[in-house]
Each structure stands twice: as C-alpha cells, then as structure tokens.
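Notes follow the structure.
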Amino acid sequence: MSAPAGLSREMCDMVIQTLQQVVGRELPDSRILDLDQNDECPEDLVRHLLSPDVGLHLIFLPEEYGGLGGGARDICRVSEVMAGVDLGLATTFLAILLGTDPILVGGTPDQKQKWLSRIATGEAIVAYGVTEPEAGSNVASIQTTAVRISDAEGNVTGYRINGAKQFITNGGIADIYTILAKTPDGPGFFVVERGTPGLAVGRHEDKHGIRSSNTTGVLLEDVEVPQENLLGLVEGQGLKQANAVFGYTRLMVGAFGLGAGQAAIDRALAYGKSRIQFGGPLVEKEGYLLNLLVEPWIDLAAGRAHMDAIALRIDEGNADMGTEGAISKYWCTEAGNRAADAAIQAHGGYGYTREYMVEKIRRDVRITTIYEGTSEIQRSIIAMYRWKETVRSKGAYYEEMAARMDALHGDYPEVGADLIARSLRALNTVITGMHQARRTRHQMVMFTFADMMSRCEVAYEFASRAGSLAAEGDASAGTEGAMSRVFAIRCAAATSYAAHRCVLSLQDAEENADSAEAMLGVVAELLPPAVYTGLWLHMAEVGEHLKQRD
Ligand SMILES: Cc1cc2nc3c(=O)[nH]c(=O)nc-3n(C[C@H](O)[C@H](O)[C@H](O)COP(=O)(O)OP(=O)(O)OC[C@H]3O[C@@H](n4cnc5c(N)ncnc54)[C@H](O)[C@@H]3O)c2cc1C
C-alpha cells in the first residue's frame with residue numbers, strides 16, 4: 001500500500017512553526033482586538049502570508065503547480081492553528097482555498113497551469129462566488145446567468161455574465177473570483193479577474209464576528225469573459241465540481257470549530273486557575289471544573305479524534321468521504337460553539353466584555369455552523385446517507401461497527417467501547433423501526449437520527465484512538481481512556497434520550513403503538529440507567545489532568 005498523501009509530520013510542523021512565528025510577531029492580541037473593533041481586514045498581512053517569504057497557502061496546492069502538496073491531515077492541522085489565532089484570518093484562507101478548488105478539480109491542464117501558478121506565487125487573493133441573495137443552502141437555485149457569445153461562424157468565443165453574489169469572503173480584496181453561473185447547459189464556474197469591466201464590489205457586510213475577514217457582495221453586469229475562463233471548458237459541471245471537494249472543505253471548517261473552541265477553553269482554564277473566589281481558585285470548584293471545562297474539553301478532543309481518522313482516510317485515497325466530512329463539520333463546529341460559550345461563562349462578567357478574547361471568539365465561532373453548509377444541511381446529509389446505508393445493508397453497517405467495539409472492549413475495557421456498541425445497536429433498532437413505520441419523511445426524525453449517528457460515530461473513533469494509544473503504551477493513554485469513557489457514557493445517555501424522543505413521536509398513531517413499545521423495550525435493555533456508572537468519577541479524573549496542565 002502506498003503512503004498516505006500529504007507532508008511528513010516534520011514538514012507540517014515547520015509550516016505551523018512559520019505560521020506561529022509570523023502571527024506571533026504581526027498579530028498580538030491587542031491588534032486582533034483592534035481589527036475586530038475596527039471591522040478591518042489586515043490585507044497587508046494576508047499578502048505577506050501569501051508571499052514567497054511565507055507561502056502559507058502552498059500547503060493547499062499540489063506540487064506540480066508550485067505548492068507543497070499538503071494532505072487533508074495537514075490542512076486540518078494548519079486550519080486548527082489558524083483558527084486558534086484568529087478565525088477571520090483563517091476564513092480569508094478558507095476562501096482562497098475554496099476559490100482555487102474549482103480550478104483544481106475542474107480545470108483543464110492549461111487552465112491549471114495558467115491560474116494555479118499565479119495563485120502559487122502569491123500574486124492573487126482568490127474569492128469563491130457561489131451564494132446569492134436568493135440562493136444560499138440551495139445552491140442549485142442560483143440566478144446568475146452566463147450567456148454564450150458566438151462568432152460569425154457560430155463558435156462559442158466567450159460568455160456574458162449577469163447577476164449578484166452575496167456574502168463573498170475576500171469580495172473586496174480579491175484579484176481572482178471563481179463565479180458560479182448558469183450556462184444554457186447548467187451551472188459552471190468561471191474565472192473572472194479583478195478589473196474586468198462590469199465586475200463591481202457590492203456592500204461591505206457589518207458582521208457579528210470574523211470581522212477581520214472581508215465580506216462583500218459582488219455584482220456582475222454584462223461581464224464578458226473568454227470561453228477559456230469556463231473551468232473544464234464544458235458547461236454544466238459546476239455543481240459536480242463544488243461537491244467534489246466537500247469531503248475536506250467540511251473537515252477544514254470543522255477544524256476551525258476545534259481551533260476556536262480550544263483557544264477559548266484554554267483561556268478559560270488559565271482564568272479558572274488564577275481567579276480566586278470563596279477562598280480558592282475557581283478550578284477547585286467541582287461544578288465549575290466539570291461543567292465548564294471538562295465537558296467541552298472532551299467534546300473537542302472527541303471531535304479531533306474523528307477528524308484525524310477521516311482526514312487519514314482521505315489521504316489514503318478514499319474519495320467518498322462526504323458524509324464523514326458532514327459529521328465532522330457538524331460535531332466539531334457545534335462543540336466549538338459550546339466550548340466558546342462555556343468559556344464566557346467561566347470568565348463571569350469579564351467574559352462578557354470586549355476586552356477579553358473569549359467574547360470575540362464566541363462571536364467568531366458562530367459562523368462555523370453557518371458557512372460551508374449550515375448545521376441543518378449537514379444533519380440532512382448525515383441522516384439521509386446513513387439511513388439509506390442502514391436499510392441497504394439490512395442493519396449490517398452499524399452492527400459491524402458495534403462488533404468492532406465489542407472486540408475493542410475485550411482488549412481495552414477502560415475506554416467505554418461496550419457502551420458505544422450498545423448505543424450503535426440502539427441506533428440501528430431505531431432507524432430500522434422508524435423506517436418500517438414510514439416515519440423517515442419527518443425532518444425531525446431525520447435530524448434526531450443525525451444527532452445520534454454523529455455522536456455514535458465520533459464516540460467510535462474516539463474509543464478506537466484511545467485503544468490505539470493504550471496499545472502503544474502512550475503516556476496519555478490513561479487520560480485519553482478516561483475521556484473516551486466519559487464520552488461513551490454521555491453518548492449512551494444521549495442515544496437513549498434521542499431514541500425515546502424519536503420513537504414516542506409514533507404514539508400519536510394508534511397502529512404504531514406496539515412497534516413503539518417493542519423498540520423502546522430494546523433500547524431500555526441496551527441502555528439501562530446503569531450505563532451512567534462512574535460518570536463524574538471519570539470526569540474528575542480528566543479534571544485533575546487539566547489542572548496539572550501548564
Ligand atoms: C461571513 C460569511 C462568509 C461567507 N463566505 C462565502 C463565500 O466566500 N462564498 C460563498 O459563496 N458564500 C459564502 N457565504 C454564504 C454561506 O455559505 C451561506 O450564508 C450559507 O450557505 C447559508 O445560506 P443562507 O445564508 O442563504 O441561508 P438559508 O439557506 O436561507 O438558510 C437559513 C436557515 O434555514 C435553514 N435551512 C435552509 N434549508 C433548510 C432545509 N431544507 N431544512 C431545514 N432548514 C433549512 C438553514 O440551516 C438556516 O438555518 C458566507 C456567509 C457568511 C455569513
């Protein structure tokens with residue numbers, strides 16, 4: 001088997017070190033807060049990071065076009081670090097990657113040579129123009145048109161583009177825009193350069209967070225581009241090109257959730273150690289430590305384990321990771337939001353003031369559940385694909401995962417794999433039962449499925465990782481095992497609760513009462529109250545570990 005794609009660990013460490021050096025120098029907390037307050041994008045810093053001196057974006061580009069050829073794992077690591085510094089800056093780079101992707105995925109060799117080499121040298125900030133005032137989650141409803149321009153012989157020589165794009169990151173500072181527009185044969189991506197007549201920057205958005213990123217409308221009025229600016233030179237490929245990269249762009253936004261959430265909780269932990277109330281540091285109060293620090297910390301660690309596992313599979317050549325990417329994005333961004341919220345609470349009144357970074361992080365991280373597909377869209381994707389897979393495989397999909405957890409429990413009983421196996425089987429029972437009762441047409445049922453599926457699959461990867469660390473005799477295995485067990489217990493509790501919510505919705509239909517009772521009987525047997533045994537003890541163990549951290 002060939003080695004997974006991507007950089008060596010040392011090379012990726014070097015990229016991260018360079019990034020940390022530059023931002024450490026150029027972006028002290030005071031400047032980050034000023035940029036936020038002044039609603040200002042540090043374009044000079046962005047261009048410096050793109051310049052040959054730093055070349056941060058090169059990690060996203062293949063080697064044959066002057067890039068470093070980073071893999072999904074590298075992109076996730078760098079994204080998490082960037083988001084931990086400033087999510088606005090991270091978003092600027094996300095947009096450059098998103099804008100470059102249609103060229104990477106759909107461009108002809110000549111188009112790649114022409115545009116990617118310009119992007120690689122750092123000459124060009126890129127923007128990705130898909131969203132429109134009337135087309136957000138439903139990309140297929142875009143109204144921007146690209147009408148063919150033909151010569152006297154009827155050969156297509158170019159396109160005339162008309163329309164308006166909304167919420168475009170880098171809209172006001174980009175040199176190159178990749179614009180999705182409807183051609184006669186369906187949507188396609190066009191490269192439009194700044195300065196092209198008819199292209200204008202629209203309104204600057206006064207945003208809730210990520211204020212150091214530039215977000216504007218982009219207006220296109222009779223913008224004429226040559227035919228060679230249609231990516232792939234074939235009309236109607238745009239949606240396919242946009243979907244092709246979701247696997248890792250969703251992971252990237254998931255990494256933003258982790259980076260921002262972790263930065264907030266790190267600050268909360270430091271604060272809780274130094275803030276004295278009622279005669280001692282706040283971290284010594286059990287409720288403060290376990291609720292405000294340990295819970296979000298574990299949720300982020302679990303999300304990271306899932307993301308690492310999925311990124312590795314992408315790097316190993318598994319192209320079809322759209323559902324896994326959706327789970328990662330959904331879990332990690334929601335966990336990042338909860339962590340940032342807990343961090344404000346942990347800071348008390350100070351956390352509510354603009355002087356404290358957690359207040360800004362809380363506003364920043366809010367975007368991660370909205371862009372690159374909202375949480376509702378991720379839930380729809382997760383539920384739809386896993387429901388179909390469960391039905392197609394006659395329950396084997398989750399049963400095989402449960403069996404692997406049984407085996408893991410046999411080897412490493414401390415990581416909570418037994419509870420995950422039980423949760424997976426309860427999930428399987430509910431999906432199958434609700435399918436047979438023809439209840440899957442209800443979005444609330446599907447969303448509840450998605451919540452159970454995400455939690456169970458994240459728990460599965462977290463426990464697998466804890467098992468591997470135990471097998472390697474890693475120094476962190478004890479704490480990771482305790483974290484995994486806590487997560488598994490909470491997974492079992494959440495699965496039981498969600499299963500009841502889902503199944504009891506059947507009770508309004510008389511004819512389904514028996515099947516509802518049968519399903520709940522199976523769930524109760526799999527997940528009895530005893531599954532909660534030891535929850536707070538294991539959380540306290542993790543809490544002790546957090547208190548010892550520098
Ligand atoms: C700061 C920022 C930067 C952005 N950068 C870019 C960029 O660079 N390029 C770009 O093209 N776009 C960008 N976007 C756009 C972003 O991707 C969209 O805002 C997002 O996809 C949601 O679309 P919408 O805002 O139109 O919301 P809508 O699609 O109108 O959704 C509104 C609400 O309804 C929910 N909803 C929608 N459909 C369903 C459904 N079927 N079932 C249940 N609930 C549903 C959504 O989850 C959401 O909660 C950016 C947005 C922001 C705010």
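Just the heavy atoms: all of them, side chains too, but no hydrogens, waters or symmetry mates, feed the values below. First listed ligand is number 1; within each ligand, the first listed atom is number 1.
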(message) Please determine whether a side-chain nitrogen of the Lys or Arg among Glu324 and Lys329 lies less than 4.0 Å from a carboxylate oxygen of the Asp or Glu.
(response) no
(message) Return the closest protein heavy atom for atom 41 (N) of ligand 1 as residue, atom name and distance.
(response) Gln443 NE2, 4.2 Å
(message) Looking at Glu134, I want to see if its CD is surrounded by more than 12 non-hydrogen atoms of other residues, nucleotides or ligands under 6.0 Å.
(response) no
(message) Taking the basic N atoms (NZ, or NE/NH1/NH2) and the acidic carboxylate oxygens, is any pair closer than 4.0 Å for Glu457 and Arg386?
(response) yes
(request) For Tyr128, counting its heavy atoms only, list the atoms of ligand 1 lying under 4.0 Å from any of them. (result) 7 (C), 8 (O), 9 (N), 10 (C), 11 (O)
(request) Around atom 26 (O) of ligand 1, find the nearest protein heavy atom and jot down its residue, atom name and distance. (result) Gly136 CA, 3.1 Å
(message) Tell me whether atom 20 (C) of ligand 1 lies less than 4.0 Å from at least one protein heavy-atom position.
(response) yes
(message) Taking 4.0 angstrom as the limit and counting only heavy atoms of Ile370, give me the atoms of ligand 1 inside it, by number and element.
(response) 20 (C)
(request) With heavy atoms of Val130 as the reference, note each atom of ligand 1 found under 4.0 Å away. (result) 11 (O)
(request) Please find out if less than 6.0 Å separates the ring center of Phe487 from that of Trp331. (result) yes
(request) List the closest protein heavy-atom neighbour of atom 2 (C) of ligand 1: residue, atom name, distance to the nearest 0.1 Å. (result) Ile367 CD1, 3.9 Å
(request) Might you check, step by step, whether the distance between atom 34 (O) of ligand 1 and some protein heavy atom is under 4.0 Å? (result) no
(message) With the threshold set strictly below 4.0 angstrom, can you tell me whether any protein non-hydrogen atom sits that near atom 49 (O) of ligand 1?
(response) yes
(message) Between Glu372 and Gln378, is there a side-chain heavy-atom distance shorter than 4.5 Å?
(response) no
(request) Please report the C-alpha distance between His48 and Val54 in whole Å, then the side-chain angles of each, then the deciding distance to 0.1 Å, and finally whether the side-chain contact (heavy atoms from CB on, under 4.5 Å) criterion is met. (result) CA-CA 7 Å; His48 178 55; Val54 185; 3.8 Å; yes
(message) For the 3.5 Å polar cut-off, considering only N or O atoms, please tell me whether Glu376 and ligand 1 meet it.
(response) yes
(request) Below 4.0 angstrom from a heavy atom of Ile210, which ligand 1 atoms are there? Numbered from 1 as shown, please. (result) 1 (C)
(message) Counting C-beta onward and ignoring hydrogens, is there a side-chain heavy-atom pair between Val253 and Thr249 closer than 4.5 Å?
(response) no
(request) May I ask you to decide if the ring planes of His347 and Tyr356 are parallel, tilted or perpendicular, using 30° and 60° as cut-offs? (result) perpendicular
(request) Note the single closest protein heavy atom to atom 39 (C) of ligand 1, along with its residue, its atom name and the distance in Å. (result) Ile377 CD1, 4.2 Å
(request) Note the single closest protein heavy atom to atom 3 (C) of ligand 1, along with its residue, its atom name and the distance in Å. (result) Thr169 OG1, 3.4 Å
(request) Check for a donor-acceptor pair, side chain of Ser141 on one end and backbone N or O of Asn138 on the other, with a separation under 3.5 Å. (result) yes
Anything under 3.5 Å between a donor and an acceptor, one on a side chain of residues 215-222, the other on a protein residue two or more places apart or in another chain? List them.
unit_1, atom_1, unit_2, atom_2, d
Thr215, OG1, Lys207, NZ, 2.9
Asp222, OD1, Asn162, ND2, 3.0

(message) Please tell me if atom 46 (C) of ligand 1 is touched by the protein, where touching means a protein heavy-atom distance below 4.0 Å.
(response) yes
(request) If you have a sec, work out which protein heavy atom is nearest atom 51 (C) of ligand 1 and how many Å separate them, to one decimal? (result) Phe167 CB, 3.5 Å
(request) Would you verify that at least one protein heavy atom lies under 4.0 Å from atom 14 (N) of ligand 1, or report that none does? (result) yes
(message) Among all the protein's non-hydrogen atoms, which is closest to atom 1 (C) of ligand 1, and how far away is it?
(response) Lys207 CD, 3.5 Å
(request) Return yes or no for this condition: an N or O of Gly373 is under 3.5 Å from an N or O of ligand 1. (result) no
(request) Check whether any N or O atom of Thr131, backbone or side chain, sits under 3.5 Å from an N or O atom of ligand 1, and answer yes or no. (result) yes
(request) Taking only Lys NZ, Arg NE, NH1 and NH2, and the carboxylate oxygens of Asp or Glu, determine whether Glu205 and Arg211 approach each other closer than 4.0 Å. (result) no
(request) Salt-bridge test for Glu389 and Arg392: reply yes if a basic N is under 4.0 Å from a carboxylate O, no otherwise. (result) yes
(request) Just need the protein heavy atom nearest to atom 31 (O) of ligand 1, so name the residue and atom and give the distance. (result) Ser137 OG, 3.8 Å
